[in-house]
Each structure stands twice: as C-alpha cells, then as structure tokens.
Protein chains: 2
Amino acid sequence: MQIRMTNQREMILQELQKSREHLTADELYQRIRKKMPRISLATVYRNLEILSEVGLIQKLEVSGRQKRFDWNTEEHDHIYCIHCHKVDNLKMDRDELGVKVPDTASGYKLTGYRLEFSGLCENCRKDKNTQES
Amino acid sequence: MQIRMTNQREMILQELQKSREHLTADELYQRIRKKMPRISLATVYRNLEILSEVGLIQKLEVSGRQKRFDWNTEEHDHIYCIHCHKVDNLKMDRDELGVKVPDTASGYKLTGYRLEFSGLCENCRKDKNTQES
DNA sequence: CTTAGTGCAAACTGTTTGCAGAGGG
DNA sequence: CCCTCTGCAAACAGTTTGCACTAAG
C-alpha cells in the first residue's frame with residue numbers, strides 16, 4: 001500500500017513536529033482545527049496510526065489514559081510529570097542510564113525495555129511552591 | 001472514612017492474591033462471577049480503586065489499554081509480553097538493575113522511575129516455534 | 001440504627017469503523 | 001480515472017456515576 005501526502009497528513013506531521021511536545025490525538029486536533037476547521041478527529045487518529053506505522057512518528061506507551069505521539073523517531077526515554085501529566089523527552093543516552101537487560105528473565109526472552117522517569121516538571125514545581133494544591 | 005470488609009471486597013482481594021497474575025478489572029470480574037454471580041463490574045472497579053488507595057493492592061501503570069492490578073504491594077518492576085500482552089513481576093531487585101536516577105533532568109525534579117522489560121513469555125515462545133503467526 | 005457499599009443502568013471518555021463522496025497521483 | 005483518504009455519524013471498549021436498596025459494624 002502506498003501512502004499519499006494529503007494536506008491533512010502534512011498538517012498533522014508539521015504541527016506535531018513543531019510542537020516539540022508529546023501530544024495526544026485530541027490536543028493535536030484542537031490545534032489543527034484552528035487552521036483547518038473541517039478536519040475530523042477520526043482523520044487525526046487514522047493518520048497518527050499510519051504515520052507511526054510508516055515510521056515518520058512514534059506511538060508512545062506512557063503513563064496516562066490517552067495515547068501520545070512523538071515527533072522524535074529515535075530510541076529514547078521519557079519523563080512524566082506526576083502533577084500535570086505531560087510527557088517530555090529524556091535528554092540522556094541509554095548507555096548513560098546503565099540499565100542492564102538480561103537475556104532472559106522469568107521465562108521471558110527479553111527484547112527491550114521501556115523506562116520512564118517521573119517527577120515534577122518546571123511549571124508544577126513553581127506552582128507547588130506558591131499555592132499548595 | 002472507614003472501610004468495611006464486605007464479602008465482595010474480600011473475594012476481590014482473595015481472587016487477586018491467589019491468581020498471582022496482574023489481572024484487569026474485567027478478568028477479575030469474570031473469575032469472581034463464577035462464585036458470586038450477582039456481583040457487578042462496577043463493584044469490582046470501585047473496590048480495586050479503594051483497595052489500591054488503602055494500599056492493600058497496587059494499581060499498575062503498564063503497557064496496554066486496560067488498567068491492571070497487582071497483589072504485590074512492594075516496589076518492583078514488570079515484564080510485558082509483546083505477543084499476548086500479559087504482565088508478570090520481574091523477579092529482580094531494583095539495585096540489580098543498575099538504573100541511575102539523577103536528581104533533576106530537563107527541568108524536572110525526579111522522584112522515581114518505572115521500568116518495564118518487554119519480550120516473549122514462555123507460552124508465546126513455544127507458539128512462535130511451532131506456528132508462525 | 002447509621003452510613004458505607006451494592007447492583008443496575010445510564011453516562012462518559014477515548015478510540016475505531018462503515019460509508020458515500022472528494023481529491024491526490 | 002482510480003483508489004486512498006476524508007468527514008461524518010454511529011459503534012465500540014473501558015471506566016465512572018447516580019440512585020434506591022442492602023448490609024456491615
């Protein structure tokens with residue numbers, strides 16, 4: 001199957017890349033809607049799925065109930081804000097992290113890992129100092 | 001608020017503990033229903049929530065669309081089967097894993113991490129050998 | 001008795017799908 | 001022109017909630 005670069009598709013890709021964030025389908029939809037009011041949420045979902053299959057973006061498995069998508073297709077890990085639930089890229093290389101992946105464990109043949117640091121992001125740290133929630 | 005030990009609550013706790021697995025609310029519901037046919041799924045959800053708040057069980061943040069719950073309340077990591085999506089406890093101590101958590105990163109004040117190995121579980125390894133999916 | 005907990009149904013959230021029509025290549 | 005992609009609405013999966021009744025303490 002060949003994939004066509006439609007306006008919607010391009011917009012989604014652009015908007016995700018320029019955001020530098022890890023948006024959910026709905027967040028992305030809200031932003032794109034301002035420039036392309038007739039786009040539908042279904043289109044956003046369909047394209048995020050397809051773009052991640054093709055390898056132009058990455059679908060994330062992270063904390064929280066909604067799926068998130070990443071413009072950065074290299075292997076890297078994430079940080080999760082326990083207060084506002086946003087997700088950022090961890091700017092550390094995997095070899096700095098020191099995770100030792102055994103070949104097998106508990107009967108599993110291991111193929112990889114997923115590491116997610118958690119903590120308070122810059123904004124939420126400020127909020128916590130001034131007004132205690 | 002004080003919590004009452006109702007039959008339903010006790011059953012949920014028991015069934016989860018004896019399963020030694022990381023069940024979803026629905027899986028648990030299906031099992032309990034055999035012994036307690038009038039229990040409702042809503043009750044299972046409500047109790048899993050409450051029991052995890054009280055600290056008798058643990059709510060997991062793991063791969064997959066459904067929430068999973070763990071009878072084991074100690075801090076530990078998980079292994080995820082990329083084929084059948086089941087989740088097992090990792091029988092390794094955190095200090096064996098060698099993860100170095102910096103104090104801060106990308107503006108975040110870090111408080112912890114979540115590590116999930118992924119691979120093929122015993123059953124799925126067998127399946128893969130005989131019949132290629 | 002009192003008030004937390006239950007079963008049921010209905011609501012809600014996030015995501016997926018069927019379809020007829022539109023528009024990339 | 002063809003066939004992938006779109007918008008729309010309706011379906012779906014997982015979870016939560018309002019309510020009147022039940023039962024634990």
Side-chain angles (χ1 to χ4, degrees), chain A residues 1-16 21-54 56-70 80 84-87, chain B residues 1-16 21-70 84-87:
Chain A
M1 181 191 74
Q2 97 175 27
I3 111 163
R4 290 180 184 169
M5 195 45 70
T6 60
N7 292 335
Q8 290 85 335
R9 193 108 82 201
E10 205 169 2
M11 178 95 284
I12 287 167
L13 206 46
Q14 254 179 43
E15 210 47 51
L16 186 59
E21 291 173 72
H22 297 74
L23 302 175
T24 62
D26 194 68
E27 285 165 351
L28 202 44
Y29 172 61
Q30 298 305 340
R31 294 183 187 204
I32 293 172
R33 216 139 75 104
K34 290 178 189 151
K35 299 178 184 170
M36 197 181 254
R38 297 190 49 81
I39 197 173
S40 99
L41 181 54
T43 300
V44 176
Y45 272 108
R46 271 188 288 236
N47 279 320
L48 288 171
E49 203 55 46
I50 290 171
L51 291 171
S52 72
E53 271 165 29
V54 180
L56 286 171
I57 62 174
Q58 221 189 322
K59 178 154 56 158
L60 303 184
E61 280 287 355
V62 285
S63 292
R65 40 208 280 160
Q66 281 163 274
K67 291 183 183 168
R68 290 181 179 274
F69 295 84
D70 196 338
Y80 173 71
C84 72
H85 309 293
K86 92 174 169 167
V87 175
Chain B
M1 181 192 71
Q2 98 177 27
I3 111 162
R4 291 177 184 173
M5 195 44 69
T6 60
N7 293 335
Q8 289 86 334
R9 192 111 75 200
E10 205 170 3
M11 178 95 285
I12 287 167
L13 207 46
Q14 255 179 43
E15 210 48 50
L16 186 58
E21 290 173 72
H22 297 73
L23 302 175
T24 63
D26 194 68
E27 285 164 350
L28 202 45
Y29 172 61
Q30 297 305 340
R31 296 184 186 202
I32 293 172
R33 216 139 77 104
K34 290 177 189 153
K35 300 178 185 172
M36 198 181 252
R38 296 189 52 79
I39 197 172
S40 99
L41 182 54
T43 300
V44 176
Y45 272 108
R46 272 189 287 236
N47 279 319
L48 287 171
E49 203 53 47
I50 290 170
L51 290 171
S52 71
E53 272 165 27
V54 179
L56 286 172
I57 62 174
Q58 222 189 319
K59 179 155 53 162
L60 302 184
E61 280 287 356
V62 285
S63 291
R65 42 209 276 160
Q66 282 164 275
K67 290 183 183 169
R68 290 182 178 272
F69 295 84
D70 196 338
C84 72
H85 310 293
K86 89 174 171 169
V87 175

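Chain identifiers are assigned alphabetically (A, B, ...) following the order of the sequence lines, protein sequences preceding nucleic acid strands; residue numbering begins at 1 within each chain. What's counted below: heavy atoms across the whole structure, side chains too, no hydrogens, waters or symmetry copies.
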Touch class at under 4.0 angstrom, heavy-atom based, for B:D26 against every strand present: nothing
5'-most by nearest nucleotide on DNA chain D - B:L41 or A:P37: A:P37
Minimum-distance nucleotide (side-chain atoms of A:R9 versus C:dC8, C:dT17, D:dT4): D:dT4
Test item: B:I50 and B:R9 side chains (from C-beta on) under 4.5 Å apart, heavy atoms: yes
Residue mapping more 5' on DNA chain C - nearest nucleotide basis, B:V44 or A:K59: B:V44
Short N-O contact, A:K59 and A:E53, less than 4.0 angstrom: no
Flag side-chain contact, heavy atom, 4.5 Å: A:K67 against A:V62: no
Under 4.0 angstrom between A:Q8 side-chain N/O and C:dG24 OP1 or OP2: no
Touch class at under 4.0 angstrom, heavy-atom based, for B:I39 against every strand present: sugar-phosphate
Whole-Å gap separating P (C:dG5) and CD (B:E49): 14 Å
Distance test, side-chain N/O of A:T43 to OP1/OP2 of D:dG7, below 4.0 Å: yes
Separation of atom CE in A:M11 from atom C1' in D:dT6, rounded to whole Å: 16 Å
Contact check, side chains of A:D70 and A:I57, non-hydrogen atoms, under 4.5 Å: no
Rounded distance in Å - CD (B:E53) to P (D:dT16): 11 Å
Contact under 4.0 Å: A:Y45 side-chain N or O vs C:dT15 OP1/OP2: yes
Contact pattern, 5' to 3', of nucleotides 19-25 of chain D - B, S or - by protein heavy atom under 4.0 Å: ----BBS
Any A:R65 side-chain nitrogen or oxygen under 4.0 Å from OP1 or OP2 of C:dT15: no
Charged N-O contact under 4.0 Å between A:E21 and A:R31: yes
Any A:K67 side-chain nitrogen or oxygen under 4.0 Å from OP1 or OP2 of C:dT13: no
B:E27/B:R68 salt bridge by N-O under 4.0 Å criterion: yes
Validation row: A:Y29, A:I39 side chains within 4.5 angstrom (heavy atoms): yes
